[in-house]
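So you know, we letter chains A, B, ... as the sequences are listed, proteins then strands, and number each from 1. On a predicted model such as this, the values are computed, not experimentally measured, just so you know.
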Amino acid sequence: MMYVCDIMTYSVLSHKDYCAAMVLSKVLIVTEAKSNGDMSSPDDNISELESNSKVSRTIPPKLQDRLKTRSIKNWNTSYVVLAKTNIIFYKDKKASTSQPGSPHGKPDFIVPLQDAQIAKISKDSSNKKTVVRVSTRTGDQYVLQNDDEKTLLIWFMQLELAVADLGSSGMESNLRVVRSTSQEDTKSEPKRKPSFKLFHSRNASTSSSPGDDGSLERRKRGDIWDKLSNFVARRPSKDVLEQKGIIKDAVFGAHLKQVCDKDKAKVPKFVTRAIEAIEKRGLDHDGMYRVSGNLATIQKIRCQIDQDNYNLDSEEWDIHALTGCLKLFFRELREPLFPFVYFDKFIPCPQSSDRLKAMKDLVSTLPKCNYETMKTLFIHLLKVIDQSKENRMQVHNIAIVFGPTLIWPEKETPNLAANMIYQSRIVEFLLLEFKHIFKS
Amino acid sequence: METRKRAFLKVIILGDSGVGKTSLMNQYVNRRFSNEYKATIGADFLTRDVTVDNKLVTLQIWDTAGQERFASLGVAFYRGADCCVLVYDVTAPNTMDSLDAWRNEFLEQADPLHHDEFPFVVIGNKTDIQAKSEKNSVTQSWCSGKGNVSYFETSAKNGSRVEEAFQTVAQKALEQDTELTKEAYPSPIQLPQDNNKSHEGCSC
């Protein structure tokens with residue numbers, strides 16, 4: 001069995017923005033007759049090499065200075081292993097030796113290859129030698145160099161292969177889709193796109209070099225991506241399907257206004273019918289509205305409603321499926337029962353006595369459908385709360401359950417947890433002060 | 001690898017609303033049970049130190065809200081979990097049927113390295129009300145069909161088997177954590193044989 005394990009000299013130029021670990025490498029391809037996958041067996045060649053390679057392990061202290069000059073002065077030697085997902089840098093061969101508890105020895109640092117970009121930069125005025133640049137996903141850059149260009153080429157190809165094998169995290173593939181489907185969409189990933197192209201052109205420039213199966217494979221993959229993204233781009237959009245009548249207006253997942261218009265009512269037919277059906281079965285069920293209904297049953301009811309079948313009295317539906325389905329209706333609305341523009345208005349309502357007036361004013365400005373539907377729902381929920389001795393659903397519990405079901409922001413914000421408390425408090429307040437807030 | 005810092009293990013509790021997730025966590029961490037019936041908002045966590053294989057580890061146990069709407073919190077809370085506890089109510093058979101959905105939800109959101117090997121512990125709760133789950137055999141076979149899954153029947157009210165269940169959780173979480181540390185340094189890539197010759201001309 002064979003591995004790439006190399007003694008290398010490298011120099012760290014800077015960190016973060018332009019982190020270039022120059023690797024002046026005395027690369028050695030080590031042959032090891034080990035089958036278990038680690039590289040702990042001693043090798044004569046390595047010890048010989050180690051003595052020759054002047055291992056200096058000082059990471060330069062003044063990184064900033066060197067960032068300015070961008071000149072590479074300090075070279076450090078490292079024992080470098082190309083692993084499946086990382087390039088691992090060791091102080092020396094010994095450090096890479098497997099030990100109990102640390103199968104991969106003591107690495108100095110590790111460069112992740114996931115979504116990394118590998119580029120070969122040929123000799124020019126600033127570089128005396130050809131280098132391979134590894135740009136990581138996080139934007140760090142490492143430049144590898146080698147005395148022997150052939151060995152460097154092998155590294156270059158192996159790195160490309162390793163990155164290609166890892167290409168599943170989506171970053172690279174997404175870029176391909178962006179590139180081939182939408183020319184206008186330059187906004188997405190503006191920073192990474194050019195570097196990807198650079199990477200691509202580098203790849204092409206090496207196509208004349210020996211042993212380029214790696215880039216061939218890449219080109220094949222690219223073809224598949226192009227075909228796939230063309231296919232996706234050709235599919236008709238949802239709007240087109242709706243216009244053609246292939247997708248019909250559904251009750252679930254629509255705007256409240258749409259549903260009301262369709263039903264020619266101020267309260268959606270489903271809300272009225274569901275509340276009727278639930279009240280018919282009694283409101284004394286333990287934990288009603290809190291206990292989850294069977295998800296499959298809830299979806300069945302939903303399908304039936306979307307096909308305009310409003311029979312909700314069937315034995316098939318138990319109470320928790322019905323309550324679950326009513327909650328689902330509100331959750332699936334394109335816009336919550338408390339419209340998005342109201343989200344920020346309801347939240348800062350003052351705690352004092354002014355609060356009642358502020359809430360009342362706010363509620364009175366709600367669109368007609370929202371106002372009437374909210375009123376109908378709250379009248380029902382107050383009946384549920386009335387029986388809290390039997391069902392244990394006090395106003396507080398109902399509010400926790402319905403808070404995030406009726407109110408959510410248009411865009412998720414970082415203060416998610418705080419919002420949740422407010423969502424419940426608003427519902428609790430409206431339920432407690434129902435008589436004062438909603439005109440009879 | 002000797003005594004490094006103490007292992008810190010993250011555990012997520014999932015399950016339908018009202019099956020007793022909060023009560024289980026409270027029983028395990030505070031050894032208390034409250035009769036109060038109160039839905040959880042968002043998520044909350046408690047920690048408890050526990051000894052596994054002579055190692056002291058800290059369990060950070062995340063209790064989540066069973067309410068459907070809160071499920072969207074998933075990504076933020078599930079990330080970095082070392083073990084996932086799926087709870088159902090032995091007196092409410094349909095909560096057992098949801099285990100699949102919760103498991104899938106977790107795997108999708110947390111996206112651990114190896115979906116099939118990620119450790120789960122299934123807990124059938126409320127044995128104080130009903131001694132044995134009707135779905136005992138169904139649950140058993142569900143668990144054995146999913147790979148790395150253990151099954152316990154507990155009562156958060158009287159504390160029956162809660163300690164054992166969480167000991168297994170800690171054990172599995174620690175194994176998972178150790179496994180992940182190994183994954184950070186996978187085995188090297190192999191090179192074709194003839195590259196060996198290339199270093200003959202090397203001037204070192």
Cut-off 4.5 Å, heavy atoms of chain A, and the answer for B/Ala101 is side chain
Rounding to 0.5 Å, atoms CZ (A/Arg392) and CG (B/Asn35) come to a distance of 7.5 Å
Of all heavy-atom pairs linking B/Lys38 and A/His396, the shortest is CE-NE2, 3.3 Å
**Study point:** A/Lys300 NZ: over 12 foreign heavy atoms closer than 6.0 Å
**Key:** no
Tightest non-hydrogen contact, residues B/Asn94 and A/Asn294, listed as ND2-N, 3.5 Å
Whatever's closer than 4.5 Å to a heavy atom in chain A on B/Asp16 counts as both
Indicate yes or no: at least one non-hydrogen side-chain atom of A/Ser424 is less than 4.5 angstrom from one of B/Ile41.
yes
On a heavy-atom basis, the closest approach of A/Asn397 and B/Tyr37 is ND2-O, 2.7 Å
CD/B/Glu108: more than 12 non-hydrogen atoms of other groups inside 6.0 Å: no
Donor-acceptor pair, A/Ser292 side chain versus B/Ser17 backbone, under 3.5 Å?
yes
